Participant: 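One structure follows; several queries about it will come next.
Below, read A as the first sequence line, B as the second, and so on, with proteins coming before strands; counting in each chain starts at 1. If you're wondering where the values come from, they're calculated on a predicted model, not measured in any experiment.
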There are 2 protein chains.
Amino acid sequence: MTLRDVAERAGVHPGTASRALNPETQDLVSEATVRKVQHAAKVLAYRPNPMARGLKTNRSTMVAIVVPDLSNPLFPPIVRGAEVELSRAGYTSIIADTDNEAGRELAAFAALRARQVDGLLVASARRDDPAIAELFEQGVPAVLINRRSDGVALPAVTGDDERGIELAIAHLRELGHTAIAHLSGPRELSTGLSRQRTFRQVIAETGCDTSPDLVVECETYSVEAGAEGMHELLERARPTAVLAGNDQIAVGAIDALRERGLRCPEDVSVVGFNDMPFVDKLSPPLTTVRVPHAEVGAEAARILVRWMTRGEAASATTALPVELVVRGSTGRAPVRTAQAVSNTSG
Amino acid sequence: MTLRDVAERAGVHPGTASRALNPETQDLVSEATVRKVQHAAKVLAYRPNPMARGLKTNRSTMVAIVVPDLSNPLFPPIVRGAEVELSRAGYTSIIADTDNEAGRELAAFAALRARQVDGLLVASARRDDPAIAELFEQGVPAVLINRRSDGVALPAVTGDDERGIELAIAHLRELGHTAIAHLSGPRELSTGLSRQRTFRQVIAETGCDTSPDLVVECETYSVEAGAEGMHELLERARPTAVLAGNDQIAVGAIDALRERGLRCPEDVSVVGFNDMPFVDKLSPPLTTVRVPHAEVGAEAARILVRWMTRGEAASATTALPVELVVRGSTGRAPVRTAQAVSNTSG
DNA sequence: ATGAAAGCGCTAACAA
DNA sequence: TTGTTAGCGCTTTCAT
């Protein structure tokens, strides 16, 4: 079924049929012909050929969503939120998984651009990311998700990391904790850096123990790195509470505590970040900062669509509100350990 | 950069340049010209326009992967496995999420076919699925993943459900269980039906308690349905072990046990199916049947590629080997409860 | 308001 | 072995 068939059946010229079928140009055609053509199209079950259209218009109505690891439960909700919004706007999404490798990201961008995607949603950004810098310089419509990239004026949509850290620390303070540690994510990622910075600042402002030993940076956002980080932390300090850079690190931290015979939350409280699926089923159920991931994806998609359609190359950064979800991994500070720590570091 | 530019720079006709760049037709051209053209292409950073090519060849080198719910941790590894294999064969994958709705599946198929995908990988099949029947009748290359569809001779790649059930029951029998229940998945899905059937058969063969009260069918493969099913089961019988239709149901079952003050595995052992990420972090860590999901996706992709390229419309069914992963949710049958059950149902 | 015609970038018969 | 030519299905300027 081509446009020619529709035009023939409606008794009009293919050009006219094209105008009648396209909402943008529909008003250049008489109402009667529009109806005729639409009817013919319906009868013939006509589906426009996106390749022919794309070849002519130089647009593909396809958008790429680039994630660092689709198997990380964090990303499917983001992808979902974005997809819904994109398909509503008539775009098809292609998902690319970079496997957390800079090289693959570069390759993915190239392949996607070759596919003529109209825009990109990128959740795999590192702070130092030449591939993204290039994207930016080329002026390709692209919106960053979750992670930002240094020195690149691309719009970004994230959860409100600062607020999340504030909420978590306030919660721990209310429970009487003063020796609060941070198992930070890698500083090469904007989330790792900004959460770590905010942590240090808020801790200082609230008059908690500011010993540098209480901040350990994990190499990756993984369970293994979290466990490793926790072991290192416990060799240097005796915190009564740990704020993890994300949920995976928190899970690893709890594993490490268990290995050392420490109980969570009786001996050490742990707070995560993200509220991934299933962290409420862990033992103990994880207290964590909930980021509205689907909404993050959806908002990023909306910004991208606006850019692609109206040419508005926004560069603003959007931080969506987060909330603290209190579950079983946090409890009152143990009096004895707390004293021991303040002695140690005082 | 178009093929014309490359041809001009190499001093040949565009047709020749096309032949020189395409591996399939490269041998129709002298080696010297191939080198000239390839060099020119490299210098100009030429990228063929897939739309122009597709318009001409009527192929898109795109494949759709249709999943019922991307947020279900089961699917990302499948998608990943498939994507790797597809991109190796030069295909780009488009992922569609049907949200577990038949209507959305139909819409997705239509949209995807309009996009001219060359083939589909479908993980969202129901046993009675007109959309898939239509796909089949149209002769579109498509491979089913995990779930099959009744009366449709489409190739399917799954885990070996029968073997999985056998392994699980054998394990429970070794632990002394005879009152083994099944919290089955929905019978509208091939996995639900086949696991349920195998369960009944193996239970009968091994001389266990075959009371029909010991099989409860859950409405969906979800934590909530699993909990509901477990409550229903406990009102009818007193099993010492439960074989769940999948991991989500198992998680729900453990929740329900806890609500009723029953311990797992001391009072009731629970076995899951799939070995989703993070089930090893649950409390207790879940004993489950591991399905090689990435390999399932990869194998399905390979079959699809063969079909698309060589036109081999296979229809065979492939069941990949599974293994039992024993963790903390299964233990020896409690002597007292076991007796109570055999009294009740005897 | 509609028709005519050209052309997007590529491939594939056919010719030479 | 290479050049020529036509055309995939659509949009869009220009004419009418």
Participant: CZ of B/Arg35 versus P of D/dT2: gap in Å, rounded?
Facilitator: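 My rounded result for the distance is 12 Å.
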
Participant: Measure the distance from CG on B/Leu28 to C1' on C/dA16 and round it to the nearest whole Å.
Facilitator: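 B/Leu28 atom CG is separated from C/dA16 atom C1' by 16 Å.
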
Participant: To the nearest Å, how far apart are B/Arg115 CZ and D/dG9 P?
Facilitator: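 After rounding, the reported distance stands at 17 Å.
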
Participant: Over how many whole Å does the gap from B/Gln26 atom CD to D/dT2 atom P extend?
Facilitator: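 The answer, rounded to whole Å, is 12 Å.
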
Participant: Once you round it to whole Å, what is the distance between P of C/dG7 and CG of B/Leu55?
Facilitator: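 In whole Å, C/dG7 P and B/Leu55 CG are 17 Å from each other.
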
Participant: Evaluate whether atom CG of A/Asp128 has more than 12 neighbouring non-hydrogen atoms of other residues, nucleotides or ligands under 6.0 angstrom away.
Facilitator: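 Incorrect, the count does not exceed 12.
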
Participant: Side chain of B/Val12 only, heavy atoms from C-beta on: which candidate in D/dG9, D/dG3, D/dT2 is closest?
Facilitator: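 The answer is D/dG3, which lies nearest to the side chain.
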
Participant: Show the numbers, then the answer: is there a salt bridge (charged side-chain N to carboxylate O under 4.0 Å, His left out) between A/Asp99 and B/Arg80?
Facilitator: CA-CA 10 Å; A/Asp99 229 359; B/Arg80 189 94 189 79; 3.0 Å; yes

Participant: I'd like to compare against my own output: the B/S/- annotation of nucleotides 10-16 of chain D with a strict under-4.0 Å heavy-atom distance to protein.
Facilitator: BBBB---

Participant: Can you tell me how far the CZ atom of B/Arg302 sits from the CG atom of B/Leu86, to the nearest 0.5 Å?
Facilitator: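 Going from the CZ atom of B/Arg302 to the CG atom of B/Leu86 covers 10.5 Å.
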
Participant: How long is the line joining CZ of B/Arg59 and P of C/dT11, in whole Å?
Facilitator: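 After rounding, the reported distance stands at 11 Å.
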
Participant: For the CD atom on B/Gln138, are there more than 12 heavy atoms of other groups (residues, nucleotides or ligands in this structure) within a distance under 6.0 Å?
Facilitator: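 More than 12 heavy atoms, drawn from other residues, nucleotides or ligands, come within 6.0 Å of this atom.
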
Participant: Hey, is CD on A/Glu31 packed in by over 12 heavy atoms from elsewhere, all under 6.0 Å?
Facilitator: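 No, CD of A/Glu31 has 12 or fewer neighbouring heavy atoms, counting only those of other groups under 6.0 Å.
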
Participant: In terms of side-chain heavy atoms, does B/Tyr91 have a donor or acceptor partner in B/Ser60 at a distance below 3.5 Å?
Facilitator: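 No donor-acceptor contact under 3.5 Å links the two side chains.
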
Participant: Report the distance from atom CD of A/Glu8 to atom P of C/dG3, rounded to the nearest whole Å.
Facilitator: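 It works out to 13 Å between those atoms.
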
